[in-house]
Amino acid sequence: AAFAGTGAVKVIIPATVEEIGADAFAYSEQLTGAVLYGDLTAIPEGMFRGCTSLTSVQIPDSVSVIGAHAFDGAALGSLDIGRSVTSIGDYAFADNASLVALNFASNSRLTQIGSHAFDGCAALSEVVLPDSLASLGSYAFYGNDSLVSVYVSASLNQMGSHAFAGCAALETVVIGDGATVIGDYAFANVGSGSDVSNNSLTSVTVPASVASIGDYAFAGSVLLTSIDLPGVEEIGSHAFADTTLLAEVKLSDAASYIGESAFEGSGVKDIDLSGVEYFDARAFYGTAITNGDFTDAIEIGNSAFYNCTSITSLNLPNAEQIYGSAFYVPSDQEGGQS
């Protein structure tokens with residue numbers, strides 16, 4: 001906090017400086033620009049935290065770590081992350097509401113982005129994460145209302161909850177071939193608690209490398225009409241809940257578990273479930289699916305296919321446990337479909 005809260009308008013750090021302490025220029029609200037020379041290896045925690053007028057910064061190529069809250073609440077308009085940066089800390093660029101361009105070096109070594117790192121960057125319209133990235137923190141790009149397209153890195157094996165949740169304008173998502181997981185609430189628009197609301201998502205590309213889709217991952221994607229899940233083994237609870245136009249879902253033979261209410265409230269009709277072994281409660285509650293072939297099914301949960309009136313025949317040769325109301329169709333008096 002050496003210069004925290006000062007009236008400085010510009011900062012130039014000379015090459016002789018080897019280390020900078022935490023919050024060095026924090027809350028210097030008149031600071032508009034910063035140039036960092038020399039061989040600094042880290043931008044410390046909170047270095048420019050609360051510098052609400054900071055519109056430009058020059059980060060040397062030597063920097064490998066950008067600390068937590070380093071530029072939290074600044075006013076950066078564009079940001080270039082150099083190839084040497086391996087880690088971006090929690091809240092590092094949070095609430096940079098003017099940030100319109102985020103660029104990663106083509107040969108980036110970035111492996112980790114922390115929680116809330118770009119949360120509240122409301123002007124950002126496109127995110128292309130480098131294929132070196134393995135871990136994306138929770139709420140990393142949460143609530144970025146202008147975000148239209150996202151490319152998720154091919155090395156990703158850990159995605160925190162709500163990574164891109166609350167991005168109401170999001171239309172296109174491409175998951176890089178090699179990524180293994182889509183996290184809880186990853187692309188859902190969320191309100192309080194587990195409530196979900198509409199978003200603009202129409203196109204999702206999921207490679208065969210993705211094995212798991214988290215809870216509520218695409219919940220409320222009311223414009224999504226089809227999705228191909230070529231390698232997915234597990235679909236979490238409410239993953240596609242309230243996707244009212246989602247009519248076609250392609251599963252591979254690898255699919256073995258579909259979670260509670262995974263497709264409840266969806267428009268799904270065309271889906272092959274013959275290879276799925278476990279269906280949790282209300283998995284397809286009230287949907288219009290027509291195919292009753294459950295060849296590999298071992299366990300079917302409570303009300304899993306409740307009021308699915310378009311199923312006209314059932315094939316359950318390997319079922320060991322079918323729970324209450326699994327295929328129950330209520331009468332008109334009970335609120336069922338005619």
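Residues: numbered from 1 along the sequence shown.
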Are the side chain of Ser53 and the backbone N or O of Glu29 linked by a donor-acceptor pair below 3.5 Å? yes
Between the main-chain N or O of Ser28 and the side-chain N or O of Thr6, is there a donor-acceptor pair closer than 3.5 Å? no
Restricting to non-hydrogen atoms, name the atom on Ala122 and the atom on Asn144 that form the minimum distance, rounded to 0.1 Å. N-OD1, 4.1 Å
Residue pair Cys167 / Gly143: nearest heavy atoms and the distance that separates them: SG-N, 4.2 Å
Out of curiosity, does Val276 fall in the hydrophobic cluster containing Val210 (side-chain heavy atoms, cut-off under 4.5 Å, transitive links)? yes
Verdict with reasoning, Ser115 to Ser138, per side chain to side chain donor-acceptor pair (under 3.5 Å): CA-CA 5 Å; Ser115 298; Ser138 59; 3.1 Å; yes
Does any part of the side chain of Ser252, heavy atoms only, come nearer than 4.5 Å to the side chain of Leu229, both counted from C-beta? no
Verify, without hydrogens or angle tests, whether Ser132 (side chain) and Ser108 (backbone) share a donor-acceptor contact under 3.5 angstrom. yes
Taking the side chain as everything from C-beta on, heavy atoms only, tell me whether Asn302 gets closer than 4.5 Å to Tyr285. no
4.5 Å side-chain heavy-atom contact, Asn315 and Phe294: no
Output yes when a side-chain donor or acceptor of Thr205 lies under 3.5 Å from a complementary backbone atom of Val174, and no otherwise. no
Run the ring pair (Phe, Tyr, Trp, His ring centres under 6.0 Å) test on Tyr257 and Tyr278 for me, step by step, so that the C-alpha distance in whole Å, both residues' side-chain angles and the decisive distance to 0.1 Å come before the verdict. CA-CA 5 Å; Tyr257 172 79; Tyr278 298 94; 7.3 Å; no
Can you get from Met47 to Val35 by hopping between Ile, Leu, Val, Met, Phe, Trp and Tyr side chains that sit under 4.5 Å apart? no
Any side-chain heavy-atom pair of Phe263 and Ile289 under 4.5 Å: no
Does either side chain, that of Ser64 or that of Thr41, offer a donor lying less than 3.5 Å from an acceptor on the other one? no
Residues, nucleotides or ligands: over 12 heavy atoms within 6.0 Å of Asn103 CG: yes
Do we see a donor-acceptor contact under 3.5 Å between the side chains of Ser155 and Asp131? no
Angle class for the Phe305/Phe327 ring planes (parallel below 30°, perpendicular above 60°, tilted otherwise)? parallel
Side-chain touch Asp119/Phe93, heavy atoms, less than 4.5 angstrom: no
Exam field: side chain Ser209 to backbone Ala179, donor-acceptor pair closer than 3.5 Å: yes
Cluster link Tyr27 to Val9, ILVMFWY, side chain under 4.5 Å: no
Between Val17 and Phe25, is there a shared hydrophobic cluster once you connect ILVMFWY residues whose side-chain heavy atoms come closer than 4.5 Å? yes
Given side-chain contact (heavy atoms from CB on, under 4.5 Å), test Glu264 with Asp242 step by step and report yes or no. CA-CA 7 Å; Glu264 183 175 352; Asp242 301 317; over 6 Å; no
Would you say that more than 12 heavy atoms from the other residues, nucleotides or ligands in this model lie under 6.0 Å from the CG of Asp39, or not? no
If you define the side chain from C-beta out and look only at heavy atoms, does anything of Asn96 sit under 4.5 Å from Asp72? no
Indicate if Ile298 and Leu316 have the same hydrophobic cluster label, given that clusters are the connected sets of ILVMFWY residues with side-chain heavy-atom separations under 4.5 angstrom. no
Could you tell me whether the side chain of Ile271 reaches within less than 4.5 Å of the side chain of Phe284, counting heavy atoms only? yes
Would you call the rings of Tyr185 and His162 parallel, tilted or perpendicular, taking 30° and 60° as the class edges? parallel
Any side-chain heavy-atom pair of Leu147 and Asp145 under 4.5 Å: no
Hey, is the main chain of Thr243 close enough, under 3.5 Å, to the side chain of Ser266 for a donor-acceptor pair? no
If the threshold is 4.0 Å, N to carboxylate O, is there a salt bridge linking Asp61 and Arg83? no
Donor-acceptor pair, Ser303 side chain versus Ala281 backbone, under 3.5 Å? no
